[in-house]
Visitor: 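So that we are looking at the same thing, I have put the structure below in structure tokens.
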There are 4 protein chains.
Amino acid sequence: MANPPGSKSVAKRRAPAQARARQTRALILEAAIRLLEKRGLRAFSTNRLAEAAGFSVGTIYQYFENKQEILDALARHERDRRLARTTRTLTSHAQETGTTGLSLRDRIRIVVRTELHAFDGRQRARKILFDLSWRGQQHRDMDRPVTVLADMLAAGQVVDGERGAVRLSATDSFVLTQAVAGIVRAALERDEQMLLAPEFEDAVVELVAGFVEARRCKP
Amino acid sequence: MANPPGSKSVAKRRAPAQARARQTRALILEAAIRLLEKRGLRAFSTNRLAEAAGFSVGTIYQYFENKQEILDALARHERDRRLARTTRTLTSHAQETGTTGLSLRDRIRIVVRTELHAFDGRQRARKILFDLSWRGQQHRDMDRPVTVLADMLAAGQVVDGERGAVRLSATDSFVLTQAVAGIVRAALERDEQMLLAPEFEDAVVELVAGFVEARRCKP
Amino acid sequence: MANPPGSKSVAKRRAPAQARARQTRALILEAAIRLLEKRGLRAFSTNRLAEAAGFSVGTIYQYFENKQEILDALARHERDRRLARTTRTLTSHAQETGTTGLSLRDRIRIVVRTELHAFDGRQRARKILFDLSWRGQQHRDMDRPVTVLADMLAAGQVVDGERGAVRLSATDSFVLTQAVAGIVRAALERDEQMLLAPEFEDAVVELVAGFVEARRCKP
Amino acid sequence: MANPPGSKSVAKRRAPAQARARQTRALILEAAIRLLEKRGLRAFSTNRLAEAAGFSVGTIYQYFENKQEILDALARHERDRRLARTTRTLTSHAQETGTTGLSLRDRIRIVVRTELHAFDGRQRARKILFDLSWRGQQHRDMDRPVTVLADMLAAGQVVDGERGAVRLSATDSFVLTQAVAGIVRAALERDEQMLLAPEFEDAVVELVAGFVEARRCKP
DNA sequence: AATGAATGAGCCTTCATTCAT
DNA sequence: AATGAATGAAGGCTCATTCAT
């Protein structure tokens with residue numbers, strides 16, 4: 001009534017309203033992560049979320065079409081954090097040492113380490129989201145962090161000193177990415193501390209490096 | 001007479017009953033797989049299962065303690081099929097060629113191939129069960145098929161020609177096993193056909209072989 | 001603003017909602033008593049209650065944790081009615097006649113009569129609730145009405161004319177209370193009309209008075 | 001087939017068959033009591049009973065129309081034990097001392113004590129049965145043990161030395177019987193040990209004696 | 001924008017009873 | 001007489017979602 005659809009007459013009002021809306025959305029998502037962490041997926045119901053967020057169920061449905069959308073948003077958010085972290089680390093290292101100073105193995109180690117440490121804190125929530133997105137449609141999206149390196153390799157960007165450029169096929173890239181993801185997934189399930197052990201990191205780096213080595217263009 | 005009630009003196013009487021019972025159980029499990037395949041995990045309710053199996057809910061609970069137990073039985077069954085297949089192939093190849101004639105790479109390929117082809121038919125159901133057990137307590141059990149090779153390697157049983165014996169640490173074994181499992185899982189999700197492509201198999205074999213190579217005791 | 005979401009600044013908004021909620025709760029309880037009365041405990045299922053109350057099951061669970069809680073609320077309510085009635089009668093009689101003017105036998109008669117008449121209307125429902133609480137944990141609570149007199153006697157508050165004060169031990173108090181409760185329970189079961197017969201009241205008063213007399217401090 | 005209905009040709013076979021049948025019935029009931037004692041009423045299902053008894057469900061339904069009938073039989077059995085015990089004690093005491101030598105108070109004490117001690121062992125089962133029959137139709141039957149004395153009194157059989165005969169009305173008898181039953185019931189619920197305490201017995205005896213005293217024919 | 005009471009299909013499970021063998 | 005597989009209505013309860021306010 002005060003707002004028949006399409007008649008947003010006062011533009012000025014909009015901005016703060018939108019700001020508030022964005023904040024509400026953020027609060028809901030934050031509460032969602034907390035709830036997931038504390039109570040697990042089974043207890044993650046819209047009603048409980050509403051209570052945890054301090055809003056009413058209705059409000060939640062004002063910001064999200066349905067429950068799944070919330071989970072998706074959460075997963076996307078986590079993925080972005082991981083992605084940002086990986087690229088940040090990768091580039092910062094590059095800048096410090098100069099692009100050429102970073103060996104292939106070093107790069108691999110950086111990506112792997114970032115991936116392995118991605119689940120510090122809120123482990124439970126992250127595991128759940130990881131699973132969920134693995135299962136769901138957005139699988140592809142969730143892998144992006146690991147894909148960063150694979151993509152670089154696939155595009156032949158990485159030249160490793162005197163040895164030839166590395167070039168991965170789409171299949172190779174997929175295999176590599178999913179292998180790492182699978183390892184992380186399993187470790188998360190079996191024993192989270194495992195992820196932080198140096199010999200674990202070594203093994204993963206070795207796995208990746210071994211594969212890349214095998215794929216190197218034979219000169 | 002002295003016969004405690006319930007233990008019929010004539011064993012024959014019990015036989016048909018047990019045969020029928022075994023058949024009913026099998027029918028339920030078969031219906032379960034079918035239901036899982038056709039409608040997915042979310043539609044897999046005890047009532048729907050009963051209907052699909054052509055029994056009443058009560059009957060189902062005569063054979064299984066609860067819903068989870070059905071899923072477990074299914075998963076166990078699938079795993080056993082995979083495990084049997086892997087070992088069978090491994091040993092039959094060994095016999096054909098003579099034990100020593102089977103190179104490490106050959107062995108790897110056999111295990112990998114069996115694993116990749118394990119999900120022909122009923123893919124959806126198998127994927128669901130795979131996921132479920134990955135998540136649940138029986139994780140360890142479900143990996144067994146892939147673990148076969150890893151264990152052989154870990155135990156240093158495989159000697160590859162003139163080159164030294166291969167020996168994997170527990171961590172290495174875990175990483176290797178989970179990498180393969182992760183790849184299969186992902187392919188299953190993304191595009192089941194992928195699993196059958198030769199270059200896919202090659203990539204996985206390469207990954208495994210590369211890792212094993214790196215871990216080989218340098219003579 | 002600073003308002004934590006969910007706590008409306010205007011208290012008026014909440015009022016109607018709460019009023020409605022209180023009313024719904026009352027409606028459910030009222031339907032529960034009716035159902036109990038008409039169909040008995042065995043027919044008292046949450047689904048049937050929902051139907052009888054004109055709400056859906058879900059709504060019922062919005063107001064009560066579980067089925068037992070409804071029964072408890074009902075029982076508590078009934079007990080409060082009885083308790084209030086007993087004390088009210090006791091005090092009003094006292095005021096009319098002056099405290100000293102009320103003989104021990106008079107007091108006993110008042111308590112007994114209130115107890116015997118407590119189950120007018122909805123007899124079946126009340127019987128069921130009585131039983132239920134007799135059985136359950138709140139046994140102690142449910143006896144309170146009868147305990148009122150016993151407590152007075154136990155505390156030695158009642159002085160009966162020139163004769164000594166009456167004082168009951170804990171055991172005596174228990175025996176007396178439960179004797180009366182047992183009689184009511186049985187009469188309720190056998191023939192509710194019995195409770196209203198004067199000679200029945202006389203017998204119970206005699207029982208109580210006889211016991212108290214026996215326990216009186218011999219001067 | 002071997003036995004078309006109505007063709008019990010051999011009479012001699014019948015007797016042992018009936019003996020066996022009686023034994024089976026007894027075995028079922030014994031298992032029922034055990035089950036009730038160990039697992040409580042909620043776990044008392046026909047299937048579980050069958051298992052506990054070592055028969056199949058079908059067999060149980062050959063001996064009892066339905067579940068309730070089993071419970072009834074159990075309750076009746078328990079009552080008979082109590083009844084037998086009370087009368088036995090009463091008469092044995094009478095014989096030892098000569099009828100006149102047993103004072104009214106002594107008789108009361110005997111009946112009360114037998115009643116209070118009736119629930120040794122299998123307390124849980126007995127409490128359940130007590131409750132069940134209290135509730136059910138056979139209420140009347142179950143009270144019989146306590147009624148023995150009341151009946152004697154009601155019939156004016158008891159003369160107490162020089163003082164006049166005691167005579168109770170039907171109402172009096174009911175009140176007395178149920179008072180005792182109520183006390184036992186409550187003690188059973190609250191703390192079974194209570195039933196064995198001497199001061200508890202004293203209080204109950206006092207209650208009964210006090211009432212009887214009051215009802216004595218005033219000479 | 002926000003509320004939150006209300007919905008109701010659906011879930012898993014139990015158990016008294018029947019009946020073909 | 002005994003078996004026990006099969007039945008299926010019914011039970012208590014959950015939760016994503018809607019909609020009048």
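In what follows, chains carry the letters A, B, and so on, assigned in the order in which the sequence lines appear, proteins first and then strands, with residues in each chain numbered from 1.
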Visitor: Can you tell me how far CG of Leu74(B) sits from CZ of Arg79(B), rounded to the nearest 0.5 angstrom?
Guide: 13.0 Å
Visitor: Starting from P on dT14(F), measure out to CZ on Arg39(A) and report it in whole angstrom.
Guide: 12 Å
Visitor: Taking the side chain as C-beta and beyond, is there a heavy-atom pair between Leu29(B) and Phe64(B) under 4.5 Å?
Guide: yes
Visitor: With a 4.0 Å limit, can you tell me whether Tyr63(B) has a side-chain N or O closer than that to the phosphate oxygens OP1/OP2 of dA6(F)?
Guide: yes
Visitor: Between atom CZ in Phe55(C) and atom P in dC13(F), what is the gap in whole Å?
Guide: 19 Å
Visitor: Quick one: Ile60(C) CD1 to dC15(F) P, roughly how many Å, whole number?
Guide: 18 Å
Visitor: Any side chain to side chain donor-acceptor pair (under 3.5 Å) pairs touching residues 36-46 of chain B, not counting sequence neighbours?
Guide: none
Visitor: Roughly, in whole Å, what's the span from CG in Leu27(D) to C1' in dA2(F)?
Guide: 14 Å
Visitor: OP1 or OP2 of dT7(F) sitting under 4.0 Å from any side-chain N/O of Ser56(B)?
Guide: yes
Visitor: Five pairs at each end of the helix from dA2(E)-dT21(F) to dT21(E)-dA2(F): take the axis at both ends and give me the angle between them to 10°.
Guide: 20°
Visitor: To the nearest 0.5 Å, tell me how far Leu41(C) CG sits from Arg124(C) CZ.
Guide: 9.5 Å
Visitor: Using a cut-off of 4.0 Å between protein heavy atoms and nucleotide atoms, how would you tag nucleotides 15-21 of chain E 5' to 3' with B, S and -?
Guide: BBBB---
Visitor: Could you check how far CD of Glu51(D) sits from C1' of dA5(F), rounded to whole Å?
Guide: 15 Å
Visitor: To the nearest 0.5 angstrom, please state how far the CG atom of Asn47(C) sits from the CD atom of Glu51(C).
Guide: 8.5 Å
Visitor: Within this structure, what is the CG-to-P distance between Leu41(D) and dT14(E), rounded to whole angstrom?
Guide: 17 Å
Visitor: Taking CZ from Arg22(B) and C1' from dG4(F), how many angstroms apart are they, rounded to a whole number?
Guide: 16 Å
Visitor: How far does OH of Tyr61(B) sit from CZ of Phe55(B), to the nearest 0.5 angstrom?
Guide: 16.0 Å
Visitor: How close do Ile33(C) and Ala125(C) get, heavy atom to heavy atom, and via which atoms?
Guide: O-CB, 3.8 Å
Visitor: Would you mind reading off the distance between Phe64(C) atom CZ and dG12(F) atom C1', rounded to a whole angstrom?
Guide: 16 Å
Visitor: What heavy-atom pair brings Thr24(D) and Thr59(D) nearest, and what distance separates the two atoms?
Guide: CG2-CG2, 4.3 Å
Visitor: I need the Ile60(A) CD1 to Asn66(A) CG distance, nearest 0.5 Å.
Guide: 12.0 Å
